A.B. asks: 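My questions all concern the structure below.
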Amino acid sequence: MAGFDKVVSSYEEAMAGLEDNMTIIAGGFGLCGIPENLIAEIKRKGSKGLTVVSNNCGVDDFGLGVLLPDRQISKIVASYVGENAEFERQMMSGELEVVLTPQGTLAEKMRAGGAGIPAFFTATGYGTPVAEGKEEREFNGRHYILEEAIKGDFAIVKAWKADRYGNLVFRKTARNFNPLAATAGKITVVEVEEIVEPGELDPDHIHTPGIYVDRLIQGTFEKRIEQRTIRQK
Amino acid sequence: MALSREQLAQRVAQELQDGYYVNLGIGIPTLVANYVPKGMEVMLQSENGLLGMGQFPTEEEIDADLINAGKQTVTMATGASIFDSAESFAMIRGGHVDLTVLGAFEVDVNGNIASYMIPGKLIKGMGGAMDLVAGADNIIVTMTHASKHGESKLLKHCTLPLTGKGCIKRVLTDLAFIEIKGGKFHLLERAPGVTVEEIVKLTAGELVIPENVPEMQF
């Protein structure tokens, strides 16, 4: 690597430095826009005791779900975890700690983490189990709870295109949590479908500037569809 | 007769207005999109980052990078925009969505809603529901009036963990359209052929009944 060139040559290099018990923030919504090869590398590496922050936890055999059989995840922060039998088993038996977090709060925790804001007030979750143990305050007659930002030792991100400097473009709803995750990692690793030379992307069309990106790798993707729903012509 | 899922969606659709930005939850709320009145334009918000959700794709149009909040493949309507999850919930939390429609397990006379967890049985998570009920002013909850065993879901106090506190003002069930104010349910309309007595019998929380309770019109 030289200068602003963020490209690494292998997935092993992309996830170098990941150790047991670290916190990983992952982009993706369901199976859409997940960093599937970076997740596979974490499985290969066998890191254990991980805290994973992600909207969902994949399905039994794809996405973050592949980290469950070998008990690599000890804690997950997510908004919705309903698609995964092994997940449910580990959660019910207490092997896996689950912190259910409202989707908008989860997104904002990542955004705040990346933006140097330690905490924020939100009305979301007031008066619910989510508010337990959290500071409450009233502004203009409404109740709010204090939510703390999240930062990760690693952030793993899937984008569509990047230039070698790590400027990122996402595609359609595969964007979701990815730009937020990208800002919140001490080390942010991004995998993309295509890497182009600096200058080839229109600066006005870049979703995530390269300043947030530490490592970049080009991969091939299965892009599995969770709910294939079609209309008849 | 209790309303069918389609009739529930049709009745909700009567509350749409031209130019509305609308968030539809999973299940019955999704069906509302099928009954947008002709000549009316509404823009559907999907909280995973799409404003201007179109219909389901044809086999040829399927795109793994384009899904809705229920993880179903969708298309984009003309004039759609795409954004990240923080931006999506800025719209929702910031009160920019004109109408939110979502399901529930229970609501009570104080406008509390429980919709995301049945302890020991079902722990899937709240997804975006807590943000939606906290951020929206105009919410319609759609649900069945009672469980299969005849237990009311319109309660004095919710028994399940809450999704939101004091945030629900209107509930459409398969039997009735109900407003919540002043710590009571108020009966606005009844499903065609359903009597006030039937509704009273299946409503556990205090229900105010006006002299005239019109039938829903379709």
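Letters go in sequence order (proteins before strands), and every chain restarts at 1. Everything numeric in this text was worked out from a predicted model, so none of it was measured.
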A.B. asks: Could you check which of A:G33, A:S79, A:G27 has the highest count of heavy-atom pairs closer than 4.5 Å to chain B?
C.D. replies: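 Of the candidates given, the most pairs with chain B belong to A:S79.
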A.B. asks: Would you check if the side chain of A:N176 reaches a backbone N or O of B:N48 as a donor-acceptor pair within less than 3.5 Å?
C.D. replies: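 Absent.
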A.B. asks: Look at B:L50, B:I123, B:V74 and state which one has the largest set of heavy-atom pairs under 4.5 Å with chain A.
C.D. replies: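 Looking at each of B:L50, B:I123, B:V74 in turn, B:I123 comes out on top.
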A.B. asks: Counting only heavy atoms closer than 4.5 Å, note whether A:N56 contacts chain B via side chain, backbone, both or neither.
C.D. replies: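 A:N56 touches chain B through side-chain heavy atoms alone.
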A.B. asks: For A:V130 and B:M130, what are the C-alpha separation, side-chain angles and deciding distance, and is it a side chain to side chain contact (heavy atoms under 4.5 Å, CB included)?
C.D. replies: CA-CA 9 Å; A:V130 166; B:M130 281 194 181; 3.5 Å; yes
A.B. asks: Under the criterion side-chain contact (heavy atoms from CB on, under 4.5 Å), which of B:I67, B:N68, B:T73 is the partner of A:T229?
C.D. replies: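 The residue from B:I67, B:N68, B:T73 that satisfies side-chain contact (heavy atoms from CB on, under 4.5 Å) with A:T229 turns out to be B:T73.
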A.B. asks: What closest approach, in Å, do B:P161 and A:P129 show between heavy atoms, and which atom pair accounts for it?
C.D. replies: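 It is CB-CG, 3.7 Å.
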A.B. asks: Please walk me through it: do A:H143 and B:K165 pass side chain to side chain contact (heavy atoms under 4.5 Å, CB included)?
C.D. replies: CA-CA 10 Å; A:H143 295 278; B:K165 190 172 176 177; over 6 Å; no
A.B. asks: Checking salt bridge (Lys or Arg N to Asp or Glu O under 4.0 Å) for the pair A:R231/B:E59: CA distance, chi angles, key distance, verdict?
C.D. replies: CA-CA 8 Å; A:R231 74 169 190 274; B:E59 192 68 54; over 6 Å; no
A.B. asks: Which one, A:G125, A:A107, A:P102, leads in non-hydrogen pairs under 4.5 Å with chain B?
C.D. replies: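 Of the candidates given, the most pairs with chain B belong to A:P102.
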A.B. asks: Considering residues, nucleotides and ligands other than B:Q14, do more than 12 of their heavy atoms fall under 6.0 Å from its CD?
C.D. replies: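 Counting neighbours around CD of B:Q14, more than 12 heavy atoms of other residues, nucleotides or ligands fall under 6.0 Å, so yes.
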A.B. asks: Does OH in B:Y21 sit with more than 12 non-hydrogen atoms of other residues, nucleotides or ligands closer than 6.0 Å?
C.D. replies: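 Check fails, neighbour count at 12 or below.
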A.B. asks: Can you tell which part of A:M91 gets under 4.5 Å to a heavy atom of chain B, answering side chain, backbone, both or neither?
C.D. replies: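 The side chain, not the backbone.
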A.B. asks: Write down the atom of A:P179, the atom of B:D84, and the distance for their closest heavy-atom approach.
C.D. replies: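 Closest pair (atom of A:P179, atom of B:D84, distance): CG-CB, 3.8 Å.
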A.B. asks: Would a 4.5 Å heavy-atom cut-off, applied to side chains only, mark A:I225 and B:I62 as touching?
C.D. replies: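 Yes; the side chains approach each other to less than 4.5 Å.
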A.B. asks: Taking all atoms of both residues into account, what is the closest heavy-atom pair of A:L100 and B:Y116, and its distance?
C.D. replies: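 Answer, listing the atom of A:L100 first, then B:Y116: CD1-CE1, 4.4 Å.
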A.B. asks: Do you know which of A:A78, A:G30, A:A123, A:C32 has the most heavy-atom pairs with chain B at a distance under 4.5 angstrom?
C.D. replies: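 Highest number of pairs under 4.5 Å: A:C32.
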A.B. asks: Which of the residues A:T128, A:V81, A:L106 is involved in the greatest number of heavy-atom pairs with chain B at under 4.5 angstrom?
C.D. replies: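 Result: the option with the highest number of such pairs is A:T128.
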A.B. asks: Answer with side chain, backbone, both or neither: which region of B:E47 has an atom nearer than 4.5 Å to a non-hydrogen atom of chain A?
C.D. replies: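 Both backbone and side chain of B:E47 come within 4.5 Å of chain A.
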A.B. asks: Indicate yes or no for a side-chain donor-acceptor contact from B:R93 to the backbone of A:G104 under 3.5 Å, with no hydrogens or angles considered.
C.D. replies: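 Yes.
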A.B. asks: For the residue pair B:F83 and A:R175, what are the closest heavy atoms and their distance?
C.D. replies: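 Scanning both residues, the minimum pair turns out to be CA-NH1, 3.8 Å.
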A.B. asks: The test is side chain to side chain contact (heavy atoms under 4.5 Å, CB included); show your working for B:S85 and A:N55 and say whether it passes.
C.D. replies: CA-CA 10 Å; B:S85 302; A:N55 190 54; over 6 Å; no
A.B. asks: Donor-acceptor pair, distance only, cut-off 3.5 Å: does the side chain of A:T173 make one with the backbone of B:D65?
C.D. replies: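 Side chain of A:T173 to backbone of B:D65: a pair is present.
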A.B. asks: For the side chain of A:R111 and the backbone of B:A86, is there at least one donor-acceptor N/O pair under 3.5 Å apart?
C.D. replies: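 Answer holds: no.
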A.B. asks: I'd like to know which of A:R228, A:R142, A:H207, A:E108 tops the heavy-atom pair count under 4.5 Å against chain B.
C.D. replies: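 Heavy-atom pair counts peak at A:R228.
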A.B. asks: Report the residues that fulfil side-chain hydrogen bond (donor to acceptor under 3.5 Å, both in side chains) with B:N34, sequence neighbours left out, ordered by chain and then residue number.
C.D. replies: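 B:N34 satisfies side-chain hydrogen bond (donor to acceptor under 3.5 Å, both in side chains) with no other residue.
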A.B. asks: List the steps, then state whether side chain to side chain contact (heavy atoms under 4.5 Å, CB included) holds for A:R171 with B:L66.
C.D. replies: CA-CA 9 Å; A:R171 186 172 177 276; B:L66 188 55; over 6 Å; no
A.B. asks: Quick check against the 3.5 Å criterion: does A:T124 have a side-chain atom that pairs as donor or acceptor with the backbone of B:A134?
C.D. replies: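 No, because the side chain of A:T124 does not come within donor-acceptor range (under 3.5 Å) of the backbone of B:A134.
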A.B. asks: Mark yes or no for whether B:K124, through its side chain, and A:G82, through its backbone, hold a donor-acceptor pair below 3.5 Å.
C.D. replies: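 Yes: the side chain of B:K124 pairs with the backbone of A:G82.
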A.B. asks: Out of B:D63, B:T163, B:I92, return the one with the most heavy atom pairs under 4.5 angstrom to chain A.
C.D. replies: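 Most pairs with chain A among the choices: B:D63.
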A.B. asks: So which residue, A:M110, A:R224, A:Q103, ends up with the most heavy-atom pairs under 4.5 Å with chain B?
C.D. replies: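 The answer is A:Q103.
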